[in-house]
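As structure tokens, the structure follows; a few thoughts come after it.
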Number of protein chains: 2
Amino acid sequence: MKEKENSKDKLIKTASRLFQLQGYHATGLNQITKESGAPKGSLYYHFPDGKEQLAIESVHLTAQFVSEQIVEGLNKSSDPVKAIQYLIEGMAERFQKEGCKGGVPIASVALETALISGPLRDTCQSAYRSFQAQFTQKLVQSGFEENRAKELGVVINSMIEGAFLLSFTSGNCEPLLLVAKQIPVILD
Amino acid sequence: MKEKENSKDKLIKTASRLFQLQGYHATGLNQITKESGAPKGSLYYHFPDGKEQLAIESVHLTAQFVSEQIVEGLNKSSDPVKAIQYLIEGMAERFQKEGCKGGVPIASVALETALISGPLRDTCQSAYRSFQAQFTQKLVQSGFEENRAKELGVVINSMIEGAFLLSFTSGNCEPLLLVAKQIPVILD
DNA sequence: GTCTATACCACGATAGAC
DNA sequence: GTCTATCGTGGTATAGAC
């Protein structure tokens with residue numbers, strides 16, 4: 001029994017991919033409707049607030065996808081060092097499979113819209129916060145003191161985001177892998 | 001004896017600021033010429049290849065500016081840990097003064113153009129490489145083994161870029177400061 | 001070196017039929 | 001829910017006078 005995909009979901013899914021690949025301003029609504037296969041006239045029916053609303057829901061989808069990767073990676077070991085390494089290596093592997101051309105989740109939209117759209121900026125910010133909360137939670141569960149775990153959550157998140165940016169720009173996963181390699185040093 | 005600024009330099013300087021603030025696609029040539037105060041007709045005279053060429057030279061200028069900050073910060077101490085901490089704290093302070101709204105150097109242009117312009121992508125990539133080379137050099141001078149110094153250069157660069165992205169998105173310098181705080185742990 | 005005018009196109013968004 | 005047509009704007013880039 002196959003779950004049928006409705007137009008709204010197809011639009012969000014396609015937009016999510018294109019915003020990540022090309023950024024916010026470079027991705028047009030025409031391209032999104034065309035590639036999604038959704039009826040052209042349906043966009044403003046499902047998203048009355050237009051591009052901004054579509055982008056917000058797309059970032060939500062991307063964030064949810066990344067969160068699942070994080071959960072999955074962190075559950076592979078009870079040792080937080082190994083768990084976080086698994087997670088980053090998994091991300092690097094997935095990125096490698098796309099030829100390091102899959103884009104960086106959320107980052108481009110966050111940078112492009114932080115100054116022009118409050119709601120979109122809030123959406124990106126809360127996505128980042130949920131990522132680091134997952135790291136923090138894992139560390140607390142492993143016995144780290146709470147304040148330190150919070151700080152480390154931010155730092156680990158920074159490292160991963162930065163390494164993604166460098167990997168994408170260089171077309172090479174090395175930065176992600178080197179960051180993974182340093183995790184044992186940071187979680188001393 | 002005041003150094004007079006020519007039109008070309010004014011255009012590059014303004015473009016450099018706007019690309020960093022708004023990104024590549026959101027910044028129009030009209031806005032650049034208007035805000036630069038340069039003659040409107042002079043753009044395609046100085047930059048025959050149009051927007052792409054202007055962006056390349058703008059990224060060069062931004063990269064040069066950041067490199068100077070790095071050199072200045074690293075020279076404040078012979079101890080690499082303190083030096084890198086000074087550097088990051090200095091960046092955070094400067095960012096704070098702009099209300100954390102100054103944009104992230106290069107990042108948005110890098111993300112937006114990596115897949116659509118080889119030359120621009122190469123320019124961004126070489127900027128990032130020069131940053132990390134400065135970190136590596138400092139570490140080698142301080143007695144770190146060369147391969148390890150190279151790896152750490154990449155990781156430190158990742159941390160800073162990621163922290164910038166998070167600080168800009170959240171409008172708060174905390175990520176940059178927390179990264180600075182972790183430097184002693186990483187350079188064990 | 002600089003200016004004006006303009007060609008040409010894509011964008012986001014809306015209106016109104018079905 | 002979906003379609004088509006269209007509006008207004010702003011984008012990059014070019015041509016040709018000065």
Side-chain angles (χ1 to χ4, degrees), chain A residues 3-59 108-109 111-113 115-121 123, chain B residues 3-59 108-109 111-113 115-121 123:
Chain A
E3 193 64 40
K4 205 181 146 291
E5 217 177 17
N6 63 25
S7 292
K8 186 169 184 181
D9 288 343
K10 284 198 288 190
L11 285 168
I12 295 177
K13 211 170 153 185
T14 302
S16 180
R17 193 187 88 245
L18 291 175
F19 284 140
Q20 179 169 322
L21 267 175
Q22 306 174 336
Y24 183 78
H25 289 99
T27 303
L29 300 181
N30 288 334
Q31 188 188 10
I32 294 172
T33 50
K34 184 180 291 181
E35 294 200 18
S36 72
K40 303 176 189 178
S42 66
L43 202 152
Y44 278 90
Y45 172 78
H46 293 296
F47 307 94
D49 290 340
K51 194 178 188 179
E52 187 184 42
Q53 185 186 357
L54 176 55
I56 289 174
E57 306 211 21
S58 299
V59 171
S108 192
V109 176
L111 288 172
E112 288 182 75
T113 64
L115 300 180
I116 59 172
S117 163
L120 206 31
R121 171 206 164 113
T123 304
Chain B
E3 191 66 37
K4 203 179 147 293
E5 217 176 19
N6 63 24
S7 293
K8 186 169 184 181
D9 288 344
K10 284 198 287 191
L11 285 167
I12 294 177
K13 210 169 153 186
T14 303
S16 179
R17 192 186 89 245
L18 291 174
F19 283 141
Q20 179 168 321
L21 268 175
Q22 308 174 335
Y24 183 79
H25 288 100
T27 303
L29 299 181
N30 289 334
Q31 188 188 11
I32 294 172
T33 50
K34 183 179 291 181
E35 294 200 16
S36 72
K40 303 175 189 182
S42 66
L43 201 153
Y44 279 90
Y45 172 79
H46 293 296
F47 306 94
D49 289 340
K51 193 179 188 178
E52 186 184 43
Q53 185 186 358
L54 176 56
I56 289 174
E57 306 210 23
S58 299
V59 171
S108 190
V109 176
L111 287 172
E112 288 183 74
T113 65
L115 299 180
I116 59 171
S117 164
L120 206 32
R121 171 207 163 111
T123 304

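Letters go in sequence order (proteins before strands), and every chain restarts at 1.
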Original post:
Which parts of nucleotides 2-17 of chain C does protein reach within less than 4.0 Å, heavy atoms only, written one letter per nucleotide 5' to 3' as B for base, S for sugar-phosphate only and - for none?
Top reply: BBB------SSBB---
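Taking A:Leu115 as the reference, B:Leu21, B:Lys101, B:Phe168 meet the side chain to side chain contact (heavy atoms under 4.5 Å, CB included) condition, with sequence neighbours excluded. Remark: B:Ala55 pairs with B:Phe19, B:Tyr24, B:Leu120 by the side chain to side chain contact (heavy atoms under 4.5 Å, CB included) rule, at least two apart or across chains. With sequence neighbours excluded, the residues forming a side chain to side chain donor-acceptor pair (under 3.5 Å) with A:Ser117 are A:Glu52, listed by chain and number. Residues forming a side chain to side chain contact (heavy atoms under 4.5 Å, CB included) with B:Lys40 (at least two apart in sequence, or on another chain): none. For B:Glu35, the salt bridge (charged side-chain N to carboxylate O under 4.0 Å, His left out) partners are B:Arg17, not counting sequence neighbours.
Taking atom CG on A:Leu43 and atom C1' on D:dG1, their separation rounds to 13 Å, with Å as the unit.
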